[in-house]
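Below is one structure; the comments refer to it alone.
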Amino acid sequence: MNIKELVKPNIRSLRAYHAEDLPCRAKLDANESPYPALSSQQSAVSVKNALQSLNRYPDPQAISLRKLLATGLKVKPQNILHGNGSDELIQSLIATFGGPVLYPVPTFSMYGIIAQSLGERRGAVPLDEKFDLDIDKFLDAIKKRNPKLIFLSSPNNPTGNSFSYDRILKIIKRSNGIVVVDEAYQPFSSKKSFIPMLKKHKNLVILRTMSKTGLAALRVGFMITHEDIVNEVNKVRLPFNLNSLSQKLAAAALSDEKPILANVKGIISERKRLMREMKKIKGIIPYPSDANFILFKVEDSDIIHRMLLKKGVLVRNMRGVVDGCLRVTAGTPGENSEFLRMLKQLMTK
Ligand SMILES: *Cc1c(COP(=O)(O)O)cnc(C)c1O
């Protein structure tokens, strides 16, 4: 029996998501925070508390967590929906509204992968030479394809820059469908969030995550949007999508955000240092970043990737996404110095 023949055609042509798990001293490949958002002591209290009701299902509505998130963002809990990571919300949004799904490229790969896995049509519009939205081409694509969903990661992964505010706004205004502004990296950005625009634009969804600021292991993502959209997407959300441990630990982190904010501040200053130092290295071009990582061009990304790994530094090879490019996440000052030292060594050979 050939199992492959039983699989839906849209799944047959997909490949399973591959995250490299290579042994290294400095893990700078996945845009994680080098600092956990909770001390092990704080975590222990929340875990102990959660362990007392392991026989019970988690709160399906994640009420405490959504209240805390709402207070922090100055919105109402009914404007927030929680996901098992924002990845899950991308899936729920596409399951709810369907395609065509439109996004610029290069961008976060999951928009396309999830659209395909759900059998929806998708369209990709190349960014301009500054990695900003090519507004004429994008508006053209909107007119031609009338997408139900548009995904804009701003700051954009993997390029690092934010898209022009005015161009995003134009897309929100011209779209007859939903526009999702994925603000996974907003905490690291000096540019404005689109959250204040929610009042004016009913078709706007903001995605956020706790993964890049020190809680990636918990898988806590959320969207902020009009109550009508929350209610529709809530129909496809599985009832117990966010486990009790994640809910309690995330709530603990949110009840005092000072350590997270301090970590974010440190990471921003390290990103700036990385940028300054990388600009001095001959043979590489680092691109401006509002995120916790920097995309940079080298002559042969395969070689540099392999050589860095040999020296214990793991970065992400963007071959096939942005050719000749690597992406490095800002780590601890020690890890970043190590990365810079190794890169300088390789480039002056
Ligand atoms: C990392 C990332 C996500 C996924 O975050 P999770 O909450 O961990 O699923 C979503 N969007 C972008 C642009 C990302 O880089």
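What's counted below: heavy atoms across the whole structure, side chains too, no hydrogens, waters or symmetry copies. One-based numbering, in listed order, for ligands and for the atoms of each. None of the values given here were measured: they were computed from a predicted structure.
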Ring-face cation contact, Y165 with K191, 6.0 Å cut, 45° max: no

Distances only, to 0.1 Å: what are the N or O pairs between ligand 1 and the protein that fall under 3.5 Å?
unit_1	atom_1	unit_2	atom_2	d
ligand 1	5 (O)	S86	OG	3.1
ligand 1	7 (O)	S86	N	2.7
ligand 1	7 (O)	S86	OG	3.0
ligand 1	7 (O)	T209	OG1	2.5
ligand 1	7 (O)	S211	OG	3.4
ligand 1	8 (O)	S211	OG	2.6
ligand 1	8 (O)	R219	NH1	2.6
ligand 1	9 (O)	S86	N	3.1
ligand 1	9 (O)	D87	N	3.0
ligand 1	9 (O)	D87	OD1	3.3
ligand 1	9 (O)	R219	NH2	2.8
ligand 1	11 (N)	D182	OD1	3.4
ligand 1	11 (N)	D182	OD2	2.6
ligand 1	15 (O)	N157	ND2	2.9
ligand 1	15 (O)	Y185	OH	2.6
ligand 1	15 (O)	K212	NZ	3.0

Residue pairs meeting salt bridge (Lys or Arg N to Asp or Glu O under 4.0 Å), one or both in residues 147-158, sequence neighbours left out, come to none

Discussion item. Ring of F222, cation from R208 - is the NZ or CZ under 6.0 Å from the centre and inside 45° of the axis?
Written reply: no

Any donor and acceptor pair, going by atom type alone, linking the side chain of N10 with main-chain N or O of Q116 inside 3.5 Å?
-> yes

Is there a donor-acceptor contact under 3.5 Å from the side chain of N241 to the main chain of H82? yes

The reported gap from CD1 in I303 to CG in L346 (rounded to nearest 0.5 angstrom) is 10.5 Å

